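First the structure, in the form of structure tokens, and then the observations on it.
These figures come from a predicted structure and were not determined experimentally. When a residue number appears, it is its place in the shown sequence, counting from 1.
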Amino acid sequence: MTDTTTVLAELERYCDAVPRVGGARAEEFGPLTLFVQEGTGWPYYARPALGGPAGTAADVRRVRARQRELGLRETFEWLDGTAPWLRAAAEAAGLEVHAYPLMVLEPSAAPLPAHPRTRLLTPDDPLLRAAVTVPELAFADPGTRVGGAGPVELAEAVADPEARTRRERVAEMVASGRTVVAATARDGVVLCSGQYNPVGDVGEVVGVGTLPSARRQGLAVAVTAALVARARALGARTVFLSASDEDVARVYARVGFRRVGTASALVAQPPG
């Protein structure tokens, strides 16, 4: 694998670029940058300024005050390996820090056979609305165990007007090439879906979620493998993701992802 320091620097540049590509406004606070979405779109976060100095809890508090002023969630994201100072600063500022395994696709990983029910979705695909909704149900019931939410709960969630808004947003991203959506469906019901977001030749696999009642069937592996295949077809040099826990990390390892040394991706939110 490429030297870990080089990989982390590459991922750091990607994480700084994604909000800018997504239309966010960058507000600089010394060692931190707050990304503010302009108009409709995904809400973003604060993160270390690219190439900036180490900061303190006071810097975190300044950004939190600005987030409250703007009515934003007080969310920070960073790579622990490139900004080791931020965890202590965030905790001292009253934030609860959650660490997640950061994983990069091994360049030598062999492609997995395509799953017969897994495919990429177009902007006008009738399954797209359900595909952007399934991860919401999955993340509401985290882990890898079989859960209760199934087709009935999915149908109810898809009927929510917010699902239409998410679908329109993702459809625009698919059309513009900012994201790729893959889904596994059976009898017209989406059981698992996820996205791949490229910026140049680096991209992140995000939002892979399985309908809780359909877990333990290898569907997350199938969707991730389809996204990886598309990433490679697009010329990706580096593909990475963050796993929600160690059990999920083992699922991604089956596709060829490996931990980047001891690095973690961190997300900080106010306690409770």
Side-chain angles (χ1 to χ4, degrees), residues 42-45 73-77 95-103 115 117-119 121 125-167 169-170 173 179-197 204-228 240-255 257 259 264-272:
W42 303 114
Y44 286 110
Y45 40 74
R73 288 194 312 158
E74 296 169 47
T75 303
F76 294 70
E77 295 189 10
L95 289 167
E96 181 180 355
V97 177
H98 304 278
Y100 304 97
L102 179 68
M103 308 182 76
H115 189 284
R117 298 183 184 275
T118 302
R119 60 183 175 85
L121 305 187
D125 197 299
L127 295 182
L128 187 59
R129 189 163 174 173
V132 300
T133 304
V134 163
E136 299 284 331
L137 296 176
F139 300 150
D141 183 9
T144 59
R145 74 186 190 286
V146 176
V152 172
E153 290 76 11
L154 176 59
E156 293 173 351
V158 166
D160 189 303
E162 179 59 28
R164 178 178 180 178
T165 301
R166 288 195 300 268
R167 184 255 176 225
R169 188 179 300 154
V170 173
M173 293 176 65
T179 196
V180 175
V181 179
T184 302
R186 183 184 302 128
D187 299 326
V189 177
V190 175
L191 302 179
C192 183
S193 61
Q195 294 177 231
Y196 168 72
N197 299 334
E204 182 179 16
V205 173
V206 301
V208 176
T210 302
L211 198 63
S213 66
R215 287 173 176 157
R216 300 296 181 110
Q217 299 179 45
L219 303 183
V221 169
V223 165
T224 304
L227 294 171
V228 165
F240 75 102
L241 54 79
S242 297
S244 58
D245 58 38
E246 295 296 340
D247 288 339
V248 174
R250 283 189 282 273
V251 172
Y252 291 127
R254 292 168 57 190
V255 187
F257 286 87
R259 291 283 291 265
S264 298
L266 302 176
V267 180
Q269 296 180 344

Margin query: Measuring only between side-chain heavy atoms, which start at C-beta, is Thr133 closer than 4.5 Å to Ser193?
Written below: no
Next item on the list: Mind listing the closest non-hydrogen atom pair of Tyr100 and Ser242 along with its distance?
Entry: CB-CB, 4.5 Å
Next item on the list: State, yes or no, whether a side-chain contact exists between Val228 and Phe257 at a heavy-atom distance under 4.5 Å.
Entry: yes
Atom pairs and distances, donor-acceptor, side-chain atoms in residues 212-222, under 3.5 Å, two or more places apart:
from, atom 1, to, atom 2, distance (Å)
Ser213, OG, Ala149, O, 3.2
Arg215, NH1, Asp141, O, 2.9
Arg215, NH1, Arg145, O, 3.0
Arg215, NH2, Ala138, O, 3.0
Arg215, NH2, Asp141, O, 2.5
Arg216, NE, Thr144, O, 2.8
Gln217, OE1, Arg186, NH2, 3.1
Gln217, NE2, Ala214, O, 3.2

Next item on the list: State, to 0.1 Å, how close Phe240 and Leu102 come at their nearest heavy-atom pair, and which atoms those are.
Entry: CD1-CD1, 3.9 Å
Notebook entry, point to check: Side chains of Leu127 and Arg119: closer than 4.5 Å at any heavy-atom pair?
Noted result: yes
Check: Does a side-chain heavy-atom distance below 4.5 Å link Val190 with Leu211?
Finding: no
Next item on the list: Considering non-hydrogen atoms only, spot the tightest contact between Val158 and Ala130 and give its length.
Entry: CG2-CA, 3.8 Å
Note to self: Can you tell me how far apart CG (Asp160) and CZ (Arg129) are? Round to the nearest 0.5 Å.
What the structure shows: 8.5 Å
Notebook entry, point to check: Side-chain contact, heavy-atom cut-off 4.5 Å: Gln195 with Val170?
Noted result: yes
Item checked: Arg259 to Pro101 - nearest heavy-atom pair and separation -> CD-CB, 3.5 Å
Notebook entry, point to check: Just how far is it from atom OH of Tyr252 to atom OG of Ser244, taken to the nearest 0.5 Å?
Noted result: 7.0 Å
Margin query: On a heavy-atom basis, which atom in Cys192 and which in Thr210 lie closest, and how many Å separate them?
Written below: SG-OG1, 3.2 Å
Next item on the list: Quick one: pull up OH in Tyr44 and CD in Glu77 and give me the separation to the nearest 0.5 Å.
Entry: 10.5 Å
Margin query: How long is the straight-line distance from CG of Leu241 back to CE of Met103, given to the nearest 0.5 Å?
Written below: 6.5 Å
Next item on the list: Indicate the atoms forming the closest heavy-atom contact of Val223 with Gly194, along with that distance.
Entry: CG1-N, 3.6 Å
